[in-house]
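Working notes, beginning with the structure itself.
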Amino acid sequence: MEARVENGGSCEVGKSGWGKSLPVPSIQEIMRSDSQSVPQRYIHENKDRPIISEDLADSPEIPVIDFSFLAKGNEDEVQKLHLACKDWGFFQVINHGVKEEILEKMKAAVAAFFELPFQEKKKYAKAENEIEGYGQNFVVSEHQKLDWSDMIYLFTLPSQNRNFKFWPLSLPGFKEALEEYSREMQKIAEELQANFSVLMGLKRDGLKRLQGGELKQGIRMNYYPICSRPDLVLGISPHSDGTSFTLLLQDDDVTGLQIKHNEAWVPVKPIPNSLVVNIGDATEIQSNGMYKSIEHRAIINEKKPRISIATFMFPDDEQEIGPVEAMIDDQNHPKLYRNIKYVDYVREKFSRKMEGKAHTQFAKLRTR
């Protein structure tokens with residue numbers, strides 16, 4: 001009998017009202033009972049399958065931003081940030097000031113959660129009509145292909161958005177590690193947002209004011225089990241993030257993240273203790289397409305499981321997002337996106353499976 005991640009839950013839509021996702025089996029539990037087979041529902045179509053290569057030497061490297069320079073207002077580093085967002089939509093951040101001990105504690109807390117017995121993890125399972133909790137999101141059909149991963153997603157900031165029924169509070173150190181990590185990510189996010197603001201022709205607090213105050217935060221913790229046929233499956237299907245931007249803590253030892261660049265899939269080789277930042281759809285909309293949210297996916301390793309921790313930064317639900325005035329030029333760069341309430345955009349995203357950037361069409365103005 002398959003270990004299904006579901007929870008009776010209440011019949012109310014989750015507090016965020018963002019959407020729902022069908023309950024699916026835990027791939028971690030399936031692999032515990034049979035580590036060699038690959039269930040049919042996880043086998044992707046030929047055109048979507050990854051090419052697995054151990055040789056990363058020839059692949060291009062995504063830009064690296066020195067956060068310590070950025071925080072001091074170094075103009076060269078700000079220009080590097082502009083080019084990274086414009087040409088790649090992804091960059092790695094070094095010298096961000098977060099102590100290694102905090103990063104390691106967070107990784108250990110996430111590893112400890114996924115090592116819990118399945119019956120214990122199930123206590124934190126998301127209901128079908130919620131996106132928060134343990135399980136999987138973006139499952140909208142009984143027939144769609146599934147991703148080779150389990151996750152737990154928690155709203156973390158502001159603190160009044162926390163729903164502790166989904167937090168494994170009985171796991172020693174989990175709450176403390178997550179809260180400390182969350183605070184550090186918020187500090188980095190505020191500095192990045194101030195720089196994006198200046199790059200879009202606003203004052204440092206311009207985007208903050210446009211987005212209804214402090215950015216909100218949610219953290220998704222992913223577990224990718226090993227697979228005997230990693231060439232048949234995907235850890236996460238290609239998608240762009242519906243966020244303002246995302247901060248990712250990667251596994252230092254296993255490369256799994258790939259981004260689409262010049263129509264090719266490029267692996268993001270981990271730099272120890274760095275953070276990977278990617279532009280989200282909300283920033284693409286606000287920059288009127290100058291800074292693109294880029295498709296990315298995760299591939300699976302045959303020998304080592306992998307953990308990743310994605311911190312999503314996003315506007316207030318009721319906030320209207322649209323291109324900022326300075327990014328619109330009727331002659332050379334006309335308005336490409338309509339103004340839309342953030343919650344309406346994100347509901348559209350959660351109503352469909354992950355399929356690249358298809359959901360972003362919802363915000364685009366129709367061209368004649």
Side-chain angles (χ1 to χ4, degrees), residues 53 55-98 100 103 184-185 187-202 204 207 215 236 238-241 243-299 308-313 327 356-357 360:
S53 170
D55 181 20
L56 304 179
D58 293 334
S59 59
E61 307 239 352
I62 71 167
V64 176
I65 300 294
D66 189 319
F67 189 80
S68 64
F69 291 165
L70 200 63
K72 289 173 189 161
N74 181 287
E75 287 187 16
D76 288 344
E77 212 63 24
V78 173
Q79 180 62 13
K80 275 173 69 178
L81 178 67
H82 163 68
L83 292 173
C85 296
K86 181 172 168 284
D87 298 339
W88 285 82
F90 265 82
F91 52 92
Q92 297 210 57
V93 170
I94 59 170
N95 297 328
H96 44 62
V98 184
E100 185 178 347
L103 303 180
E184 294 295 332
M185 293 304 101
K187 287 180 203 166
I188 294 171
E190 285 170 7
E191 181 60 38
L192 286 173
Q193 185 189 38
N195 277 276
F196 294 149
S197 198
V198 170
L199 287 172
M200 289 188 217
L202 303 168
R204 273 178 65 88
L207 283 176
L215 283 167
I236 291 185
H239 67 286
S240 65
D241 291 349
T243 57
S244 293
F245 52 92
T246 303
L247 304 152
L248 180 75
L249 182 60
Q250 290 208 88
D251 190 310
D252 286 342
D253 302 318
V254 186
T255 299
L257 173 65
Q258 295 184 332
I259 71 171
K260 204 162 202 183
H261 182 67
N262 294 336
E263 296 306 308
W265 287 105
V266 175
V268 178
K269 294 168 246 182
I271 299 173
N273 302 317
S274 69
L275 294 164
V276 177
V277 179
N278 61 283
I279 296 298
D281 300 335
T283 297
E284 175 174 327
I285 291 167
Q286 288 171 321
S287 71
N288 201 29
M290 170 76 78
Y291 303 139
K292 301 268 191 313
S293 62
I294 297 297
E295 272 186 70
H296 50 288
R297 68 183 187 182
I299 61 169
S308 70
I309 301 157
T311 302
F312 300 125
M313 309 302 308
M327 304 304 286
K357 290 191 51 134
T360 61

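Start at 1 with the first residue, then count along the sequence.
- With contacts defined as side-chain heavy-atom distances shorter than 4.5 Å, the pair I94/I65 does not qualify.
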Item checked: side chain to side chain contact (heavy atoms under 4.5 Å, CB included) between V268 and Q250, intermediate numbers included -> CA-CA 9 Å; V268 178; Q250 290 208 88; 3.6 Å; yes
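- A donor and an acceptor atom, one from each side chain of Q92 and S274, are located under 3.5 Å apart.
- The aromatic rings of F196 and Y291 are tilted relative to each other, their planes meeting at an angle between 30° and 60°.
- When the options L248, V266, D241 are evaluated for a side chain to side chain contact (heavy atoms under 4.5 Å, CB included) with H296, the one that passes is D241.
- From M185, atom CE reaches atom CD1 of I309 across 9.0 Å, with rounding to the nearest 0.5 Å.
- To the nearest 0.5 Å, the span separating CG on D252 from OG1 on T255 amounts to 10.0 Å.
- Side chain of H96 to main chain of N273: a donor-acceptor pair is present (N/O by atom type, distance under 3.5 Å, no hydrogens or angles).
- Taking 4.5 Å as the limit, some side-chain heavy atom of T243 sits within range of a side-chain heavy atom of T246.
- When all heavy atoms of P238 and E295 are compared, the closest pair comes out as CB-OE1, 3.5 Å.
- The backbone N or O of A264 sits nowhere less than 3.5 Å from a side-chain atom of N262 that would complete a donor-acceptor pair.
- Residues S59 and K269 form a side-chain contact, since some pair of their non-hydrogen atoms from C-beta on lies under 4.5 Å apart.
- For the atom pair OG (S197) and CD (Q286), the distance works out to 9.0 Å, reported to the nearest 0.5 Å.
- Closest non-hydrogen pair, W88 versus I294, comes out as O-CG1, 2.9 Å.
- Considering OG of S293 and CD1 of I279, their distance stands at 8.5 Å, rounded to 0.5 Å.
- The side-chain heavy atoms of M290 and H82, taken from C-beta on, include a pair separated by under 4.5 Å.
- Residue L215 comes nearest to Q193 through the heavy atom pair CG-NE2, 3.5 Å, listed as atom of the first residue, atom of the second, then distance.
- When all heavy atoms are compared, the tightest approach of M327 to L199 is SD-O, 4.4 Å.
- At least one side-chain heavy atom of M200 sits under 4.5 Å from a side-chain heavy atom of S287.
- A salt bridge does not link K187 to E190: none of the charged side-chain nitrogens sits closer than 4.0 Å to a carboxylate oxygen.
- The side-chain heavy atoms of V93 and L247, taken from C-beta on, include no pair separated by under 4.5 Å.
- Within the 4.5 Å cutoff, the side chain of F67 has heavy atoms near those of the I188 side chain.
- How far NZ of K86 is from CG of L81: 13.0 Å, rounded to the nearest 0.5 Å.
- The nearest pair of heavy atoms linking I236 to H239 is CG2-CE1, 3.2 Å.
- The shortest side-chain heavy-atom distance between F90 and V277 does not fall under the 4.5 Å cut-off.
- Under the 4.0 Å criterion applied to side-chain N and carboxylate O atoms, R204 and E191 are assigned as salt-bridge partners.
- One finds the CG atom of D76 at 11.5 Å from the CG atom of L70 (value rounded to the nearest 0.5 Å).
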